[in-house]
Amino acid sequence: MSKYIFVTGGVVSSVGKGITVAATGALLRSRGVSVSVVKLDPYFNVDPGTISPYQHGEVFVTQDGAETDLDLGHYERFIGVDLGAEANATSGGIYSRVLAKERAGEFHGSTIRVVPHVTDEIKQSFVKVSEESGADVVVVEIGGTVGDIEGRPFLEAIRQMRQEIGRDNVLYVHVTFLPYLAATRELKTKPTQHSVNELRSLGVQPDIIVCRSDYPIPDSIKGKVSLFCDVAREAVIALPTVSNIYEVPLVLENEGLGRLVVNMLRIKAQDADLTRWQDLVDRIRSCREPVNIALVGKYVELKDTYLSVREALQHAVLFHNRDINLSWVHSEDLERGHAEELLRSAQGIVVPGGFGVRGIEGMVKAAAYARESRIPYLGLCLGLHVMVIEFARHVFGTPDVNSTEFDSDTAYPVIDFLPGQQTITQKGGTMRLGAYPCRVVPGTKAARAYGCDIVYERHRHRYEFNNAFRGALEEAGLIASGQSPSGDMVEIVELREHPWMVSCQFHPEFRSRPQCPHPLFRDFIGAAKETLVEGSQASLPIP
Ligand code: GLN
C-alpha cells in the first residue's frame, strides 16, 4: 500500500502548489522512493478539454490520451514519470461516475449523499493510482483554495484517509501565501492563520506548511506561523519566489522538506542525490548568450496557455548552453502590421497549437516570413496547418487555400477533417487524442533529429493534412517526413529548400524534460542559434 501526501492551498490561487507538489516528488525520487501523483480539480467540467485557454491555460495531454490539468506537465517534467488519465480527477468526472452507478442500481436502494458516496468515489480515484502504480508514495494535490465551496467533499475525503490507514501513512501539507505590506515593510501571516483555521474546522490539521512569498521569510515569521497554526517549527518551510522553477527542489531541500517528509511518513529512504538538479540550476544560472525566439499565437496574453512549449524551449536552449529571449507575438497584431516589424529580431519562430479562425491569417504571415527569410520555424499541430496553408497558397498561386476548420468552402482544402470527425457533435474528449506511432522518413531533418525510425507522440486535433494535395505539394518541395506506419496520415512536414522549417501534427512539447530536451525543439534551437538577424550578432572584440 502507498503512503499519501495530501497538498492543499491557502489564501490565493496560482500560488505555486503544482510546482511544490512536483518538486516534493522530485525530492522523494532523489532518495530512491517511487512516486505517483494525482491532481484533484473541484470544478464541474468532466475534464479541462472544454475550458477556454484564457480561463484554464494549457490542456496537458497524457500518453493515453486524457486532456488534463497543466500541473500534470510539471509532475511529468520534475518527477520523470509518464502519467495516465487516472492522474487527474474533477468533480464533474466524480459526480458523473456516482450518477452512472446510481442509474445502474449499484447502491442497492441507498439514498445517495456527498458522504459517503461522493467521498468514496474521490478516495477511489487516488487509491486506484496507488494500486496501479505500486508507488511508495502518492502525492495528491487538491486544486483551488481552502474555502472554495466545490472543494469541501475533497477535503472531507482526505480527512477520512488518516482515520482509515493511520497517522504514519498520511501527511497533510498546506501551501500558503504570505502577503507583503509595503507600508509596514512586513510579511503578514494572518491570512495563513485563517486558512489553517478553515482547514482545521473541516478536521484537517496540516503537518507541514509551505509559505510562498515574494520576499525572504525571516525566522520570526516562521515562528509565528508555527505558533498560530500549531505545526512544528521545522515544519514551516519557506519558499520565496525564485527566478526559475527548476530551483524549487533545491530550495525545498535546503529548508529540510525532503528529510521531514520521509521522517514523518517513516519511509526507509536513501540519502538524497540532487546532483542532477544542482547541475541543471548551475547551467540555468550561468550567464549565456540568448537565442531570440518569437512565439506567434493568439492566446499570448495568458502565458500559461503555452506552458509546455515554453518549458520545452527552455530545455532546448539549455542543451545548447544558451539562454532564451522569448518574444510573445500576438497573431492578430501580425494581421494588422508588417511581419518584418514584429519578427525582425527573431532567429526562430514557433507557431503552437490552437483552435478557431481568429488570428490565423497572422500566423500564416509569420510562416510566410519564416519561409521567405529562411528563418527556422517550428509548427506544433495548428502550426503545421498554418505552414501547409501558407506553402500551398504560394505553390498554387491563390489565397483561396485553407483548412476547412477556417473556411469550409475553400477551393483548396489542404487541411481537412480526420476520418470520422465530421459527424461528431459531442465536444468533450472526442478529438484524436494521445500517443500514436509515427514513422520517420530517413534522410530528412526529422530523421536527423530523432535518430530512430518509429516515435510515439501525443496528439490533440480534429483536422489533418489532406492527402489529395500531397503529390502536388511534394513536387513543389514539401516533404512528408513523418507518417503514420500505414503511410496514409502525414504527421511531420518539412521544406526541402529551407534551413529548418519543420512542423508536426502532434505536440512534442509534452514529452520534453529539463534534462532531456525533445529532439525537434533541440534541433530547432540548434538551427535558430546559427541564424544571423539584426541584433543577434555577438559584439566584436574591438576595444
Ligand atoms: N484546431 C486544429 C485541429 O483541431 C489544431 C489543434 C491543435 O493545435 N491542437 O486539428
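Count residues from 1 along the sequence. All ligand and atom numbering here is 1-based and tracks the order in the structure.
- Annotation: Phe391 is not in aromatic contact with His498 [ring centroid separation under 6.0 Å not met].
- In this structure the side chain of Tyr377 never reaches within 4.5 angstrom of the side chain of Glu390, judged on heavy atoms.
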Start with the C-alpha gap between Ile360 and Leu382, add the side-chain angles, then the distance that decides, and say whether side chain to side chain contact (heavy atoms under 4.5 Å, CB included) holds. CA-CA 9 Å; Ile360 289 299; Leu382 179 68; 4.0 Å; yes
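- Protein heavy atom in closest approach to atom 10 (O) of ligand 1: Tyr463 N, 2.9 Å.
- What sits closest to atom 5 (C) of ligand 1 on the protein, heavy atoms only, is Gly354 O, 3.4 Å.
- Taking the six-membered ring where the residue is Trp, Phe506 and His459 present perpendicular rings, their angle passing 60° and hence far from 30°.
- Summary of contacts: the protein heavy atom closest to atom 4 (O) of ligand 1 is Arg462 N, 3.0 Å.
- Remark: Arg511 engages Glu457 in a salt bridge, criterion side-chain N to carboxylate O under 4.0 Å.
- Annotation: His338 is not in aromatic contact with Tyr369 [ring centroid separation under 6.0 Å not met].
- At least one heavy atom of His385 sits closer than 4.0 Å to an atom of ligand 1.
- Closest protein heavy atom to atom 9 (N) of ligand 1: Arg460 O, 2.8 Å.
- Residue Glu405 touches ligand 1 through its side chain alone, judged by heavy-atom distances below 4.0 Å.
- Minimum interatomic distance between Ala370 and Ile349 (heavy atoms only, all atoms of both residues): CB-CD1, 4.1 Å.
- The shortest N/O to N/O separation between Met431 and ligand 1 does not fall below 3.5 Å.
- With hydrogens left out, the protein atom closest to atom 7 (C) of ligand 1 is Cys381 SG, 3.0 Å, a heavy atom.
- Every atom of ligand 1 with a heavy atom of Gly353 under 4.0 Å away is listed here by number and element: 8 (O).
- In this structure, His507 has a heavy atom closer than 4.0 Å to ligand 1.
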